[in-house]
Amino acid sequence: MTAVAALALFVVFMLLSGGVRTLIQRRRTGDTGNRRRSAARGTPEWWGLAVADLGFLMVGLGAPVAALAGVPPLTVADHPAVHGLGIVLAVVGILATFGAQLVLGASWRIGVDPSEHTALVTTGAFRLVRNPVFTAALVTFLGVALMVPNAVAIAGLAVTLTGMEIQVRLVEEPHLRRVHGATYTDYSSRVGRFLAGLGRLRGDHPHGS
């Protein structure tokens, strides 16, 4: 069943991007790279991570469970070709997410510690977009949503994107500007935020377009 496959792909995504990547980071650096505890309750980072997590669970867990419970899919997307496209996108997204995480090397983090000065990575997928991990994760969840295209999945996609926007615009980009200064300003003026050419930052407009 498509809903069961969607659940399985969500589990694979979480295991790879969270569990396996954390183990690799610990083995290579002696540090898990997890900085979620640095986010004080109610701060933009806390909200960004919490909202993104809620979106992940809505799409990856809530939507398939709802489908298994009999919640009907949206008629316009209830087609085998759409479900098949969803499987392809989810698999590609999972691999791309993990690959982009690996490119970050020792700079990979979950969350932000304001006191840390990690290296700015601009190679690999980061030559095309500044946040390829987020982009690939969105592709993953879009794929899962197309596999079980019900109202829970669509709402979850919107929540996921909202959380990512909060984290990127209000937390990570300001942090990288503080840490890397003109180097990041130049990089962000040339490379898009989530898609190539879109969301490039100007020096006088810190939140970009």
In the structure I gave you, are the side-chain heavy atoms of [X] and [Y] within less than 4.5 Å of one another anywhere?
{"X": "His83", "Y": "Pro149", "value": "yes"}
{"X": "Phe126", "Y": "Val103", "value": "yes"}
{"X": "Ile24", "Y": "Leu102", "value": "yes"}
{"X": "Gln25", "Y": "Arg109", "value": "yes"}
{"X": "Val168", "Y": "Arg193", "value": "yes"}
{"X": "Leu128", "Y": "Val191", "value": "no"}
{"X": "Thr122", "Y": "Tyr187", "value": "yes"}

Cluster overlap [X] with [Y], hydrophobic side-chain contacts below 4.5 Å:
{"X": "Ile154", "Y": "Val139", "result": "no"}
{"X": "Val4", "Y": "Val91", "result": "yes"}
{"X": "Phe194", "Y": "Val51", "result": "no"}
{"X": "Met147", "Y": "Phe56", "result": "yes"}
{"X": "Val152", "Y": "Val11", "result": "no"}

Please report the interatomic distance [atom1]([X]) to [atom2]([Y]), rounded to the nearest 0.5 Å.
{"X": "Leu54", "Y": "Leu49", "atom1": "CG", "atom2": "CG", "value": "12.5 Å"}
{"X": "Arg41", "Y": "Thr43", "atom1": "CZ", "atom2": "OG1", "value": "10.0 Å"}
{"X": "Leu146", "Y": "Ile87", "atom1": "CG", "atom2": "CD1", "value": "10.5 Å"}
{"X": "Met14", "Y": "Arg21", "atom1": "CE", "atom2": "CZ", "value": "15.0 Å"}
{"X": "Trp108", "Y": "Thr22", "atom1": "CH2", "atom2": "OG1", "value": "3.5 Å"}
{"X": "Phe98", "Y": "Thr140", "atom1": "CZ", "atom2": "OG1", "value": "13.0 Å"}

Could you tell me whether [X] atom [atom1] has more than 12 heavy atoms of other residues or ligands within 6.0 Å of it?
{"X": "Trp47", "atom1": "CH2", "answer": "no"}
{"X": "Arg26", "atom1": "CZ", "answer": "no"}
{"X": "Arg127", "atom1": "CZ", "answer": "no"}

Should the pair [X]-[Y] be classified as a salt bridge under the 4.0 Å nitrogen-to-oxygen rule?
{"X": "Glu172", "Y": "Arg130", "result": "no"}
{"X": "Arg35", "Y": "Asp31", "result": "yes"}
{"X": "Glu165", "Y": "Arg169", "result": "yes"}
{"X": "Arg36", "Y": "Glu45", "result": "no"}

Original post:
When you look at Arg177 and Leu201, which way does the side-chain contact (heavy atoms from CB on, under 4.5 Å) test go after all the steps?
Top reply: CA-CA 11 Å; Arg177 277 176 171 260; Leu201 300 181; 3.9 Å; yes
Original post:
Where the side chain of His180 meets the backbone of Thr118, is there a donor-acceptor pair that is under 3.5 Å apart?
Top reply: yes
**OP:** Output yes when a side-chain donor or acceptor of Asn150 lies under 3.5 Å from a complementary backbone atom of Ala153, and no otherwise.
**Re:** yes
[X] versus [Y], closest heavy-atom pair with distance:
{"X": "Ala137", "Y": "Thr97", "result": "N-OG1, 3.2 Å"}
{"X": "Leu195", "Y": "Val129", "result": "C-CG1, 3.4 Å"}
{"X": "Ala158", "Y": "Thr162", "result": "O-OG1, 2.8 Å"}
{"X": "Val148", "Y": "Ala67", "result": "CG1-CB, 3.9 Å"}

Original post:
Yes or no on side-chain contact (heavy atoms from CB on, under 4.5 Å) for Leu7 and Leu68, after CA distance, side-chain angles and deciding distance?
Top reply: CA-CA 11 Å; Leu7 276 172; Leu68 291 171; 4.1 Å; yes
**OP:** Step by step, work out the side-chain contact (heavy atoms from CB on, under 4.5 Å) result for Leu16 and Gln101.
**Re:** CA-CA 10 Å; Leu16 271 182; Gln101 289 180 324; over 6 Å; no
Original post:
Residues two or more places apart in sequence or in another chain: which of them pass side chain to side chain contact (heavy atoms under 4.5 Å, CB included) with Leu157?
Top reply: Val59, Phe141, Leu142, Ala145
Subject >> Working for side-chain contact (heavy atoms from CB on, under 4.5 Å), residues Leu161 and Leu138 >> reply: CA-CA 7 Å; Leu161 181 57; Leu138 280 171; 3.9 Å; yes
**OP:** Could you give me the CA-CA distance, side-chain angles and deciding distance for Asp113 and Ser115, then say whether side-chain hydrogen bond (donor to acceptor under 3.5 Å, both in side chains) is met?
**Re:** CA-CA 5 Å; Asp113 181 346; Ser115 67; 2.8 Å; yes
